[in-house]
Visitor: 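Next up is a structure, given as structure tokens.
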Amino acid sequence: MDFIIEKLNDMQKEAVLTGDGPVLILAGAGSGKTRVLTSRVAYLVMEKSVNPSSILAITFTNKAAREINNRVGKMMGGGMWFPWIGTFHSMCLKMLRMYPESLGYRKGFAIYDTDDQKVLIKDCLSELDLDSKLLPPKMIINVISRSKDELIDEVDFSNKNSSDYRMSLVAKVYNVYQKHLVEYNAMDFGDLIFNAVKMLRENDNIRNYFQNAFKHILIDEYQDTNTAQYELAHILSEKHKNIFVVGDDDQSIYGWRGANINNILDFEEDYPGCMVIRLEQNYRSTKNILSAANEVIKNNDDRKGKTLWSDRSRGSKVNYYKATTDSMEAYFVANKILKGMEKGRDYADYAVFYRVNAQSRSIEQALRDKDIPYRVFGGISFYQRKEIKDVLAYLKLLLNVNDNIQLKRVINEPKRGIGKTTLHKMEEYAIDTGSSMYEVAKDADIYPGLHKAAVKLSGFVAMIEKLLTAAIEKSVSDLYDDVIQMTDILKQYELENTINSRSRIENIRELKSAIITKAEDYYESFGEELTLETFLESVTLSTDADNETEGTFVSIMTLHSAKGLEFPVVFMTGMEEGIFPSVQSLGEGRLEEERRLCYVGITRAMDEVYIINTMQRTLYGRTQTYPESQFLREISPNLINYINGSGPSVRKTKTYNRESFGGLRITKGGKPISIAGFTAEAGEAADVKIGQRVRHKKFGDGTVTNTEGSGSDKMIEVAFDMAGKKRLMASFAKLKILD
DNA sequence: ACGCTTCCAGTTTTT
DNA sequence: CTGGAAGCGT
């Protein structure tokens with residue numbers, strides 16, 4: 001154990017060795033958070049003789065969970081099994097699977113993803129005769145999900161929203177939606193946490209059992225927990241009070257998804273007498289990069305406050321490049337990467353970040369053009385693809401034939417001549433008889449409205465029945481073969497024979513490899529054959545973020561997906577007001593979260609950062625101009641290396657012809673006539689920063705766009721509103737600083 | 001019931 | 001620009 005402790009700095013040691021009771025670790029970016037967490041787990045087991053099965057460690061991704069498991073295993077020489085390391089969702093699922101009846105569920109309940117939710121919501125809308133134009137399913141899903149995050153059930157929601165007509169309708173949908181979920185024996189993602197809390201609250205025995213079972217609770221990324229997760233942790237830790245949370249309020253970027261930053265901000269009040277330890281030494285970035293990140297984040301009010309420092313060298317300045325178009329931006333990135341490769345860099349050293357997935361297109365194009373291998377992270381994951389979801393829906397249906405949502409997805413996929421009229425009738429009969437659509441399909445010939453479709457329906461039923469037998473007898477991968485073969489799902493794509501359809505076939509084939517790999521892993525870990533249930537569960541709870549970032553390729557991803565990763569060289573693209581920060585966040589006053597996102601981006605970099613914006617961007621088929629991001633101006637110019645000091649904006653500066661502009665009177669020709677009460681001393685504005693508005697006697701008002709050099713040689717570049725761009729000697733220019 | 005056309009919306013997304 | 005959904009004609 002000593003060899004583990006030796007490697008830690010004082011603060012990390014304190015964190016790892018701290019005694020029982022609540023502990024809050026405020027761990028800055030790159031401060032060795034995972035090392036602390038894993039060391040703590042190893043310490044508890046090896047020094048404090050804590051049983052691994054009484055440790056509950058919660059992470060936000062499966063990847064992080066795996067990493068902790070592996071690292072702890074390695075530290076302890078392997079062979080130790082931690083049954084309770086996982087994500088909030090997987091841990092809750094594990095608890096719920098033990099006592100599903102306590103909530104009126106049956107064994108083997110299904111998990112609904114967003115797609116399933118959407119279908120079910122639409123069903124609920126039509127059942128209630130509500131217009132999906134007035135109440136878009138997406139919005140309803142959002143409202144319901146946020147409510148579950150806040151532990152507001154359908155009854156509470158209805159009571160709270162009785163005055164708002166629209167919301168009272170949503171309340172109705174929420175109610176019917178929950179009813180159907182139980183009926184279909186299914187839970188959505190939000191239910192997993194919500195129901196776990198409910199189960200613990202309402203059942204003394206179950207609560208006591210888990211409170212006793214978990215002697216130590218450790219939570220990673222605590223800043224991104226929502227209210228339900230907070231409550232879960234609170235209940236579980238009530239008895240032993242050993243709650244050890246690690247997080248960084250400055251990296252809370254999932255507020256829009258229900259994360260409650262107050263969980264971390266108020267930890268000290270919620271857990272009186274808790275220990276607070278700050279990890280402020282950053283082992284990742286150079287001093288310059290860190291300073292830039294610190295300068296940005298210090299503009300936030302809603303934070304605990306901490307300043308990261310680094311032992312590393314100053315390093316190079318933060319590079320700033322102003323491109324003309326998004327395509328130029330992308331080629332700048334590509335060329336920089338090629339140059340770096342000549343100097344001995346590896347493709348894997350590079351990451352390109354952007355605010356929205358749609359921005360990846362131009363980046364991808366430039367990289368492809370320059371033959372640079374890359375990989376896009378996030379976006380539509382493999383398991384979200386339509387063709388994969390179709391195959392999975394068949395498998396899910398085999399787990400529960402009464403799951404109408406899956407049945408509706410596959411019954412006419414591929415086309416079997418079963419259309420919506422038939423489906424509508426089946427649905428009605430199912431409601432009338434209180435059975436499922438599959439039961440109705442089985443007895444299609446006894447229902448008057450289904451005579452015509454009866455033959456087709458019985459064909460479908462016969463196929464499913466055969467597959468049901470196969471599901472009992474065969475392994476998941478053999479069952480997959482049967483599904484593909486009997487449903488003939490590939491045929492339509494083969495006939496289509498387009499690039500698109502061929503890639504769909506490839507994906508479906510790829511699914512088999514995924515099944516085989518999972519089955520092998522499972523056998524290795526548990527010595528048992530992978531069950532269909534376990535397979536589907538792991539698929540719904542896994543995401544793209546679990547993918548490996550190692551390899552010889554450039555990683556390109558959204559800033560959100562970048563959290564937790566690090567790269568020697570980072571490109572922050574699209575640093576434009578309206579893109580990043582996004583218009584939506586500006587409109588909703590959610591600037592601080594955007595700024596945290598910027599902080600996350602910069603702190604991913606080890607050696608070099610390139611911040612890029614462009615004057616013209618084509619997004620969603622619309623070309624627009626955006627001003628540079630305010631975050632850029634928050635970094636002081638002495639930390640920035642301006643790659644192209646004067647962009648083409650010089651030539652583009654227009655001569656305004658307005659009567660009055662910025663307190664300046666001008667004539668038709670654009671020449672100022674007089675400036676009332678103007679006085680300025682030479683050198684008064686020697687320390688101006690980029691973005692600063694200044695006034696010049698001759699040129700009028702303008703914005704500082706660049707500064708170069710220092711001391712008496714310092715040059716300032718100012719884009720004057722009327723007179724265009726001028727370069728001035730800082731120590732001589734008579735400039736007045738404006739507010 | 002199906003396939004073709006038109007229309008529309010379009011952040012971020014660890015589960 | 002692009003994918004998905006709704007609408008319409010066969």
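All of these numbers come straight from a predicted model, not from anything done at the bench.
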Visitor: Report which part of the nucleic acid A:Arg590 touches: base, sugar-phosphate, or nothing (heavy-atom distance under 4.0 Å, all strands).
Guide: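 Contact class for A:Arg590: base.
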Visitor: Counting side-chain heavy atoms from CB outward, which of B:dT12, B:dT14, C:dA5 is closest to A:Asn357?
Guide: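 In terms of side-chain proximity for A:Asn357, the closest of B:dT12, B:dT14, C:dA5 is B:dT12.
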Visitor: Mind checking side chain to side chain contact (heavy atoms under 4.5 Å, CB included) for A:Ser31 and listing every partner two or more places apart, or none if nothing turns up?
Guide: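 Here the qualifying residues are A:Ala27, A:Leu279.
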Visitor: Just compare C:dA5, B:dT11, B:dT14 and give me whichever is closest to any side-chain atom of A:Lys118.
Guide: C:dA5
Visitor: Which parts of nucleotides 1-10 of chain B does protein reach within less than 4.0 Å, heavy atoms only, written one letter per nucleotide 5' to 3' as B for base, S for sugar-phosphate only and - for none?
Guide: SSS------B
Visitor: Aromatic rings A:Trp84 and A:Phe210: how do their planes relate, parallel, tilted or perpendicular, breaks at 30° and 60°?
Guide: perpendicular
Visitor: Between A:Lys396 and A:Asp403, does at least one N-O distance fall below 4.0 Å, as a salt bridge requires?
Guide: no
Visitor: For A:Trp256 and B:dT11, is the gap between ring centres under 5.5 Å while the planes differ by less than 30°?
Guide: no
Visitor: Does the side chain of A:Thr558 get closer than 4.0 angstrom to OP1 or OP2 of B:dT11 through an N or O atom?
Guide: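 For B:dT11, OP1/OP2 do not have a side-chain N/O of A:Thr558 under 4.0 Å.
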Visitor: Using only heavy-atom distances, determine whether the side chains of A:Tyr599 and A:Gln251 contain a donor-acceptor pair under 3.5 Å.
Guide: no
Visitor: Do A:Glu594 and A:Arg355 sit within salt-bridge range, that is, some charged N less than 4.0 Å from a carboxylate O?
Guide: yes
Visitor: Determine the contact category for A:Tyr254: base if any of its heavy atoms lies under 4.0 Å from a base atom, sugar-phosphate if only primed atoms, P, OP1 or OP2 are that close, otherwise nothing.
Guide: base
Visitor: When you check the gap from the basic side-chain N to the acidic O, do A:Glu413 and A:Arg409 get nearer than 4.0 Å?
Guide: no
Visitor: Compare side-chain N and O positions of A:Asn142 against OP1 and OP2 of B:dT13 and report whether any pair is under 4.0 Å apart.
Guide: no
